[in-house]
There are 2 protein chains.
Amino acid sequence: MKKTETRIQKKNHSAIKSAGLKVFAQFGFRGSTLDQIAAESGLSKPNILYYFSSKEAIYEALLAQLLTDWLQPVRDIDPAGDPVEEILKYAKHKLKMSRLYPRESRLYATEIIQGAPRIKSVLTGELRDVVENLALLINHWADSGLIRAVDPYHLIFSIWAMTQHYADFDVQVKAILGEKDHFEDAEHYLEDMLRRMLTV
Amino acid sequence: MKKTETRIQKKNHSAIKSAGLKVFAQFGFRGSTLDQIAAESGLSKPNILYYFSSKEAIYEALLAQLLTDWLQPVRDIDPAGDPVEEILKYAKHKLKMSRLYPRESRLYATEIIQGAPRIKSVLTGELRDVVENLALLINHWADSGLIRAVDPYHLIFSIWAMTQHYADFDVQVKAILGEKDHFEDAEHYLEDMLRRMLTV
DNA sequence: TAAGAATTTGACCAACTGGTCAAACTAACG
DNA sequence: CGTTAGTTTGACCAGTTGGTCAAATTCTTA
């Protein structure tokens with residue numbers, strides 16, 4: 001039942017979302033204007049509203065996409081794999097997302113900081129379930145003696161915090177470390193930390 | 001040369017800053033309105049502008065205060081103290097700030113995420129210097145064999161990221177862990193992590 | 001308690017906001 | 001090529017925004 005988009009629709013939908021991401025990630029929902037998105041996308045304001053019914057619709061389309069991309073890698077953790085390597089794989093994946101898609105990370109961060117008014121139900125629903133399952137798996141691994149016993153929730157939080165930090169606080173990191181790429185060192189540190197935490 | 005504030009000035013300056021903190025921390029600078037701050041503080045909009053020359057002036061007063069409070073505990077680290085305990089003391093202090101002053105943390109986070117347009121010079125100046133000194137100290141401790149050799153910058157980032165996470169991502173943490181206080185567990189996890197990282 | 005200083009406010013303004021709409025324009029396709 | 005569906009826009013609107021200002025009110029202090 002999915003209407004096929006025309007060539008122009010495809011192009012403009014994506015141009016608007018791309019511009020919206022740039023603007024919303026920097027100013028948050030209320031701080032962003034349709035005029036900014038219009039300027040950034042190269043389309044006129046009425047034209048933007050021809051493709052999305054409102055400013056809010058653009059924002060929500062971005063959030064929806066984001067949440068999917070966010071949750072998938074958690075689900076991809078293999079209960080049958082090597083525990084330390086699986087957690088490390090996940091952490092490195094998140095770090096890579098911070099490097100490649102810092103704006104997505106910032107958009108998510110501003111939404112959460114503002115109290116997550118539009119996605120609270122996802123947080124207490126899908127996200128919570130996914131995290132709970134992962135926590136159970138980590139506890140199971142610990143019980144089996146495959147990793148050291150740690151609080152699974154705070155382990156997950158620490159991975160999120162550390163990886164997203166490099167996207168969200170990018171200017172601060174760069175102010176301190178300079179402009180050269182610091183992700184390699186970050187990955188090394190993260191790996192070292194997780195191995196120390198998880199190795200028996 | 002500091003003009004002494006009248007009783008009313010003292011009261012209203014602080015009421016405005018308190019209201020401004022609440023509003024700015026949630027919506028960012030551009031997303032916040034003077035009307036919101038007026039409503040929150042119980043003062044009229046023109047009255048607010050009698051005490052602060054502009055919306056921006058309120059925001060900047062808050063940021064200035066924040067940066068001072070932020071940097072002091074780094075300076076308080078004692079080079080003559082026990083390295084692991086000093087770092088732990090600092091990390092716990094930061095975590096306590098996240099618990100007691102989450103709005104300050106969120107205000108800072110939104111400013112940084114938005115590219116730190118008004119405090120970039122502080123980041124590349126004062127903050128950078130303070131962090132550089134701390135990094136030198138940590139390296140010195142490592143050279144003396146008092147702690148394990150770790151990248152001092154990423155160590156600092158990991159402390160910032162993990163502690164501020166509990167303030168900035170509060171709704172997400174609560175969505176996953178429920179409403180009960182989780183700071184005790186967080187502190188235990190943080191201490192465990194740092195000891196593992198730093199102990200030779 | 002009266003004068004002067006400090007405080008508060010209602011009315012107002014120009015710029016900007018998200019959004020509408022009819023008309024004009026362009027692409028696609030038989 | 002002509003018709004129609006899809007696209008784009010200029011003009012416009014009502015509500016909100018940060019900020020001003022003169023007048024009114026309240027405090028302080030001699």
Side-chain angles (χ1 to χ4, degrees), chain A residues 1-64 107 110-111 114 117-118, chain B residues 1-64 107 110-111 114 117-118:
Chain A
M1 234 24 222
K2 184 74 171 300
K3 281 271 189 60
T4 43
E5 286 187 314
T6 68
R7 174 181 60 87
I8 296 175
Q9 278 166 357
K10 207 175 292 182
K11 187 190 64 174
N12 286 348
H13 272 136
S14 114
I16 292 167
K17 281 197 276 187
S18 166
L21 175 63
K22 217 168 191 168
V23 175
F24 285 134
Q26 191 172 143
F27 301 108
F29 178 73
R30 289 190 37 178
S32 302
T33 71
L34 282 175
D35 285 315
Q36 285 176 288
I37 298 172
E40 185 67 40
S41 67
L43 301 176
S44 68
K45 190 167 66 172
N47 203 12
I48 283 181
L49 291 165
Y50 173 71
Y51 290 101
F52 286 88
S53 60
S54 66
K55 176 184 164 186
E56 184 129 12
I58 306 172
Y59 188 75
E60 276 169 4
L62 287 168
L63 270 186
L107 177 70
T110 59
E111 172 68 13
Q114 295 180 6
R118 309 153 219 267
Chain B
M1 235 22 220
K2 184 75 170 298
K3 282 274 187 60
T4 44
E5 286 187 313
T6 68
R7 172 182 60 88
I8 296 175
Q9 278 166 357
K10 206 175 294 181
K11 187 190 62 174
N12 286 348
H13 273 135
S14 113
I16 292 167
K17 282 197 275 187
S18 165
L21 176 62
K22 218 167 191 167
V23 175
F24 285 133
Q26 191 172 138
F27 302 108
F29 178 72
R30 291 192 33 182
S32 303
T33 72
L34 282 175
D35 285 316
Q36 285 176 288
I37 298 172
E40 185 68 41
S41 67
L43 301 177
S44 67
K45 189 167 66 171
N47 204 10
I48 283 182
L49 290 165
Y50 173 71
Y51 289 100
F52 287 88
S53 59
S54 66
K55 175 184 165 186
E56 184 130 13
I58 305 172
Y59 188 75
E60 276 169 3
L62 287 169
L63 271 185
L107 178 70
T110 59
E111 173 68 12
Q114 295 181 6
R118 307 151 222 270

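Please read all numbers here as calculations on a predicted model, not as lab measurements.
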Between L43(A) and E56(B), who's closer to the 5' end of DNA chain D by nearest nucleotide?
->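 Upstream on the strand: L43(A).
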Rounded distance in Å - [atom1] ([X]) to [atom2] ([N]):
{"X": "I8(B)", "N": "dT7(C)", "atom1": "CD1", "atom2": "P", "value": "6 Å"}
{"X": "Q9(B)", "N": "dA5(C)", "atom1": "CD", "atom2": "C1'", "value": "11 Å"}
{"X": "K11(A)", "N": "dA27(C)", "atom1": "NZ", "atom2": "C1'", "value": "11 Å"}
{"X": "N12(A)", "N": "dA27(C)", "atom1": "CG", "atom2": "C1'", "value": "13 Å"}

Classify the side chain of K55(A) and the base of dG19(C) as holding, or not holding, a donor-acceptor pair under 3.5 Å.
->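 Answer is no: no donor-acceptor pair is held.
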How would you label the contact of Y51(A) with the nucleic acid (heavy atoms, under 4.0 Å): base, sugar-phosphate, or nothing?
->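 Sugar-phosphate, no base atom in range.
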Quick one: label L49(A) by what it contacts on the DNA or RNA (base, sugar-phosphate, nothing), any heavy atom closer than 4.0 Å.
->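 The answer is base, as L49(A) lies within the cut-off (heavy atoms under 4.0 Å) of a base atom.
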Go through residues 21-35 of chain B and report each residue with a non-hydrogen atom lying under 4.0 Å from DNA chain C, sorted by number.
->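 Nothing qualifies; none.
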Do the side chains of [Y] and [X] get nearer than 4.5 Å, heavy atoms only?
{"X": "K55(B)", "Y": "F24(B)", "answer": "yes"}
{"X": "T110(A)", "Y": "Q114(B)", "answer": "no"}
{"X": "N12(B)", "Y": "F52(B)", "answer": "no"}
{"X": "F29(A)", "Y": "E56(A)", "answer": "yes"}

Considering all heavy atoms, the nearest [X]-[Y] contact:
{"X": "S44(B)", "Y": "A38(B)", "value": "C-CB, 4.2 Å"}
{"X": "S41(B)", "Y": "A15(B)", "value": "CB-O, 3.8 Å"}
{"X": "S54(A)", "Y": "L49(A)", "value": "CA-CD2, 3.8 Å"}
{"X": "R30(B)", "Y": "G31(A)", "value": "NH2-O, 2.8 Å"}
{"X": "G20(A)", "Y": "L62(A)", "value": "C-CD1, 3.7 Å"}

Opening and closing nucleotides of DNA chain D in contact with chain B, under 4.0 Å to non-hydrogen atoms =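 Under 4.0 Å from chain B, the extent on DNA chain D is dT17(D) to dT28(D).
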Return no unless some side-chain N or O of S54(A) is found under 4.0 Å from OP1 or OP2 of dG18(C).
->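 No, no such contact exists.
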Bend angle of the helix from dT1(C)-dA30(D) to dG30(C)-dC1(D) from five-pair axes at both ends, rounded to 10°?
->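 About 20° separates the two local helix axes.
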Starting from the C-alpha separation in whole Å, work towards a yes-or-no answer on side-chain contact (heavy atoms from CB on, under 4.5 Å) for Y50(B) and L43(B).
-> CA-CA 11 Å; Y50(B) 173 71; L43(B) 301 177; over 6 Å; no
With Y59(B), the side-chain hydrogen bond (donor to acceptor under 3.5 Å, both in side chains) member among K17(B), R118(B), E111(B) |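 Per the side-chain hydrogen bond (donor to acceptor under 3.5 Å, both in side chains) rule, the option paired with Y59(B) is E111(B), out of K17(B), R118(B), E111(B).
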For R7(B) and for P46(B), locate the closest nucleotide of DNA chain C by heavy-atom distance; then report the residue assigned to the nucleotide nearer the 5' terminus.
->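 This one resolves to R7(B).
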Can you figure out which of dA28(C), dG18(C), dT7(C) approaches the side chain of N47(B) most closely?
->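 For the N47(B) side chain, the nearest candidate turns out to be dT7(C).
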